2 protein chains.
Amino acid sequence: MGMKFQMMQPAQITELLRRRQITPTSQRVKIAGTLFAGPAHFCAEDVYARVNEDDAEVSKATVYNTLGLFVAKGLVRQVFVEPGKVFYDSNTQPHHHFYDSGTGELTDIDAVGVALHELPPLPADTELDGVDVIVRIRQRQSKDRPA
Amino acid sequence: MGMKFQMMQPAQITELLRRRQITPTSQRVKIAGTLFAGPAHFCAEDVYARVNEDDAEVSKATVYNTLGLFVAKGLVRQVFVEPGKVFYDSNTQPHHHFYDSGTGELTDIDAVGVALHELPPLPADTELDGVDVIVRIRQRQSKDRPA
DNA sequence: GGTTAGACTTAGAACTATTCTAAGTCTATA
DNA sequence: TATAGACTTAGAATAGTTCTAAGTCTAACC
Ligand SMILES: [Mn+2]
Ligand SMILES: [Mn+2]
Ligand SMILES: [Zn+2]
Ligand SMILES: [Zn+2]
């Protein structure tokens, strides 16, 4: 888990997948290779485009199947910031996000140091599943040059 | 703004809309009537169903147009907790949410008392647009009666 | 190394929430 | 009451995602 994002030769990706009980097919290795090249946010369409940018083909159905599998196995995390588009986040450490809806850009906020105080108790018979903090930002309107 | 959720006869809804520069058509008054009967979370489908439960008809297009208008005018707020479905929140006070993805239920958390500490500075040339906190919860698995 | 059951991948159809289109209706103003 | 433009509407269109059913690959076994 600590070696994600370092080196990442195909053989290592293969092992990372096996450790999570995922059969490392060529398509899955390729998708994991783009996801874990570095911490980043992708929509399914991004992954589909990158994985197919040379020539070898991975189908859209497999991209969706694989992203779903990786979520289930804890290799990536989903982020919801707008309707009709899921982001897949290769950073699975606890962290939060800035989101600029103008540009569509999603940026990490380290959870260390961000503290939520005085949350009320959870509803009866429920347990915590996670806390998502989205800080929505927008490009500042310069007062010098108004629209 | 402080009289939302009190009484709310049609004449008052009409006035609430006019105050926000919204022409109070019969469809808009009807939609506002269901939204502001009390603080609650609705998806577009919910609003469409309630508004048409007697017999008079409001089209789906108008439900979407009107919800979009009310968002633009600050009468309701959108909440995104899963892909492919927007919630409209008639509570526009700053507050956060519990979300149970099992039941689909969204519950308010008063923002008073919930404090976010040590957020990093915003990216250059951006300004704050809002902070959404989603506390994801799930039904607790009783250890006595495991699945 | 060959067999084989089941896991995996695929193209394309289907689906769902939402937006768009273009034609008719209503509202506000004069 | 006439009118310009705002509003509403049914249905078509769109976009992201999931499903289907048929072929391909993987891994376990011989
Ligand atoms: Mn993207
Ligand atoms: Mn709903
Ligand atoms: Zn992230
Ligand atoms: Zn709420």
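Since the model is a prediction, treat every value here as computed from it, not as a measurement. Each chain gets a letter, A, B and so on, in the order its sequence line appears, and its residues count up from 1.
Following rounding to the nearest Å, Tyr48(B) (OH) and dT8(D) (P) show an atom-to-atom distance of 15 Å. Rounded to an integer number of Å, the gap from Phe70(B) CZ to dC7(D) C1' is 13 Å. What separates NZ of Lys73(A) from P of dA7(C) is a distance of 13 Å, to the nearest Å. Following rounding to the nearest Å, Leu67(A) (CG) and dG16(D) (C1') show an atom-to-atom distance of 13 Å. The interatomic distance linking Leu69(A) (CG) with dT9(C) (C1') rounds to 13 Å, in whole Å. What separates CD of Gln21(A) from C1' of dC8(C) is a distance of 17 Å, to the nearest Å. What separates CG of Leu17(B) from P of dC7(D) is a distance of 12 Å, to the nearest Å. The separation between Glu57(A) atom CD and dT10(C) atom P is 9 Å, rounded to whole Å.
With rounding to the nearest 0.5 angstrom, the CD1 atom of Ile31(B) is 12.0 Å from the CG atom of Leu75(B).
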Review item, nucleotides 14-18 of chain C N/O atoms under 3.5 Å of protein N/O:
{"from": "dA17(C)", "atom 1": "O3'", "to": "Gly84(B)", "atom 2": "O", "distance (Å)": "3.4"}
{"from": "dT18(C)", "atom 1": "OP1", "to": "Val86(B)", "atom 2": "N", "distance (Å)": "3.1"}
{"from": "dT18(C)", "atom 1": "OP2", "to": "Tyr64(B)", "atom 2": "OH", "distance (Å)": "2.5"}
{"from": "dT18(C)", "atom 1": "O5'", "to": "Tyr64(B)", "atom 2": "OH", "distance (Å)": "3.4"}

Enumerate the protein-to-nucleotides 21-28 of chain C contacts in which both atoms are nitrogen or oxygen and the separation is below 3.5 Å.
none

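Only one option out of Arg140(A), Arg138(A), Arg136(A) pairs with Asp129(B) in a salt bridge (charged side-chain N to carboxylate O under 4.0 Å, His left out); it is Arg138(A).
At dT10(C), one or more side-chain N or O atoms of Gln27(A) fall inside 4.0 Å of OP1 or OP2 (strictly under the cut-off).
Considering only heavy atoms from C-beta on, His97(B) comes within 4.5 Å of Asp89(B) through its side chain.
Looking at Asp110(B) and His95(B), their side chains never bring a donor and an acceptor atom within 3.5 Å of each other. With hydrogens and angles left out, the side-chain atoms of His41(B) and Asn91(B) include no donor and acceptor closer than 3.5 Å. With no hydrogens or angles considered, no side-chain donor-acceptor pair links Asp132(A) and His96(A) at under 3.5 Å.
Arg50(B) CZ: 12 or fewer foreign heavy atoms inside a 6.0 Å radius.
A pairwise comparison of heavy atoms in Val63(A) and Ala44(A) identifies CG1-O, 3.8 Å as the closest pair.
A single hydrophobic cluster is not seen to contain both Tyr64(B) and Leu35(B); linkage of ILVMFWY side chains at heavy-atom distances under 4.5 Å, directly or through other members, places them apart.
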